[in-house]
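Some notes on the structure that comes next.
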Amino acid sequence: MNIDGRAWRTIWLEEGGRSVGVIDQTLLPHRFSTRSLTTLDQAAEAIATMVVRGAPLIGVTGAYGLMLALQVDPGDASLAAAFEQLNATRPTAINLRWALERVRDRVLPLPPSERATAAAAAAAAIAEDDVAMCSAIGDHGLALLQRLAAERPPERQHEPLNVLTHCNAGWLATVDWGTALAPIYKAHRAGLAIHVWVDETRPRNQGASLTAFELGREGVPHTVIVDNAGGHLMQHGRVDAVIVGTDRTTRTGDVCNKIGTYLKALAAHDNGVPFYVALPASTIDWTLADGLAEIPIEARSPGEVTQIQGLALAGAAAAELVTVQLPPRGSAGFNPAFDVTPARLVTALITERGVAPASEAGLRGLYGLEATCSEPSPAAKVDQ
Ligand code: MRU
């Protein structure tokens, strides 16, 4: 996607494949800076500290992290240890385990001397598949948005279609395009008048920092709102649809996404607003049936709740990124990073294979009866 007229992806190979380039998302939107990851430890740290984040991008970074580990030591013990180290960085997004398993299963049968090269090819394939899947999600979502826009009453036809999104499920969360934002980008490029309500998404503000940054660079009209405003806007008819991403989706259609997603789904349900979840196959955990009981919810540092980062507008630190304390020092903070929205609150899932009900029958209808957690869904197999 575009930054100042230049097309970017979120992750790329450098130095003939001995280094992995990423955008440092902890500094956005006020600083655009890239980082080079040259070791397994650096890749693991980039995921854990959210230099890179978003379920699909975490997976691709993990895959390249295995490659970096195998460049140093391609033995079985090194592979197993690197897998465990990377897999432990963030527990909720299933894309991480999915991508690590895909690389491990590709290289394990090979002699050690061939493993690093094979891991690089496997990681690159995961990245390319992600781009293709997100683009296809965008195509299916575009058709859905065009239908929603056309079905509005005549007196509302002149207004832009108002879509609310939570967190960042745009290109910064993937390799390119995004999941929830892909239909929005495709709609904007197709000339559909669209406006996005951007939840700021406390505590880390991925909406205010990242989604607003992305949409602004692509020229998509948007407005940042506090997380508590969504229900009010829905009650007053100012939201035509909600589209969010997901970090793990059970085979029964429960979706786990950034904390606060569940409250948006409740408000949407109460107000008759369609609530869509956009996801690639790599986000489906076919082993799980009950999201609330079975999906591990990452608990992050309370400091993310009690402190906030922003750009100083005045004073000695003007134009610097500063961190300030919010509650009294000593007040405890609690920071569950994700919540589970039950399938019954999800209008439909938007996948690379089409739009389906959030149910086991809906997902099996798209992916088949034999689909499993580790099954890749490469672009070549996408049914359009
Ligand atoms: O904690 P984050 O920023 O990694 O959480 C990201 C989200 O919750 C996204 O909505 C999700 O990964 C879907 S991304 C396409």
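Counting starts at 1 for both ligands and their atoms, in listed order.
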Subject >> Close-contact set for ligand 1 against P56 heavy atoms, below 4.0 Å >> reply: 14 (S), 15 (C)
**OP:** Report, in ascending order of atom number, the atoms of ligand 1 lying under 4.0 Å from any heavy atom of N168.
**Re:** 9 (C), 10 (O)
Donor-acceptor contact present, side-chain [X] to main-chain [Y], <3.5 Å:
| X | Y | value |
| --- | --- | --- |
| R115 | L70 | no |
| D254 | A343 | yes |
| T179 | G245 | no |
| R248 | P296 | no |

Original post:
Touching ligand 1 at all, R90? Heavy atoms, strictly under 4.0 Å?
Top reply: yes
Original post:
Does even one non-hydrogen atom of C167 get within less than 4.0 Å of ligand 1?
Top reply: yes
**OP:** From the options K258, R300, E298, select the one whose nearest heavy atom is closest to atom 1 (O) of ligand 1.
**Re:** K258
Ligand 1 N/O within reach of [X] N/O, cut-off under 3.5 Å:
| X | answer |
| --- | --- |
| Q206 | yes |
| G54 | yes |
| M50 | no |

**OP:** Could you check R156 against D240 for salt bridge (charged side-chain N to carboxylate O under 4.0 Å, His left out), going step by step and ending with a plain yes or no?
**Re:** CA-CA 11 Å; R156 294 206 47 224; D240 294 302; 3.1 Å; yes
Original post:
Between T38 and S36, do the side chains contain an N or O donor and an N or O acceptor separated by less than 3.5 Å?
Top reply: no
Identity and separation of the nearest protein heavy atom to [atom]:
| atom | value |
| --- | --- |
| atom 6 (C) of ligand 1 | R53 NH2, 3.5 Å |
| atom 8 (O) of ligand 1 | D247 OD1, 2.9 Å |
| atom 10 (O) of ligand 1 | N257 OD1, 2.7 Å |
| atom 14 (S) of ligand 1 | A173 CB, 3.6 Å |
| atom 15 (C) of ligand 1 | T179 OG1, 2.9 Å |

Original post:
Yes or no on side-chain contact (heavy atoms from CB on, under 4.5 Å) for T10 and T174, after CA distance, side-chain angles and deciding distance?
Top reply: CA-CA 7 Å; T10 53; T174 63; 6.0 Å; no
**OP:** Could you see which bit of T283 sits under 4.0 Å from ligand 1, with heavy atoms only: side chain, backbone, both or neither?
**Re:** neither
Original post:
Between R9 and V131, does a side-chain contact (heavy atoms from CB on, under 4.5 Å) hold up when you go through it step by step?
Top reply: CA-CA 9 Å; R9 285 186 173 182; V131 176; 3.7 Å; yes
Original post:
Applying the side chain to side chain contact (heavy atoms under 4.5 Å, CB included) test to L215, which of T165, V198, V224 qualifies?
Top reply: V198
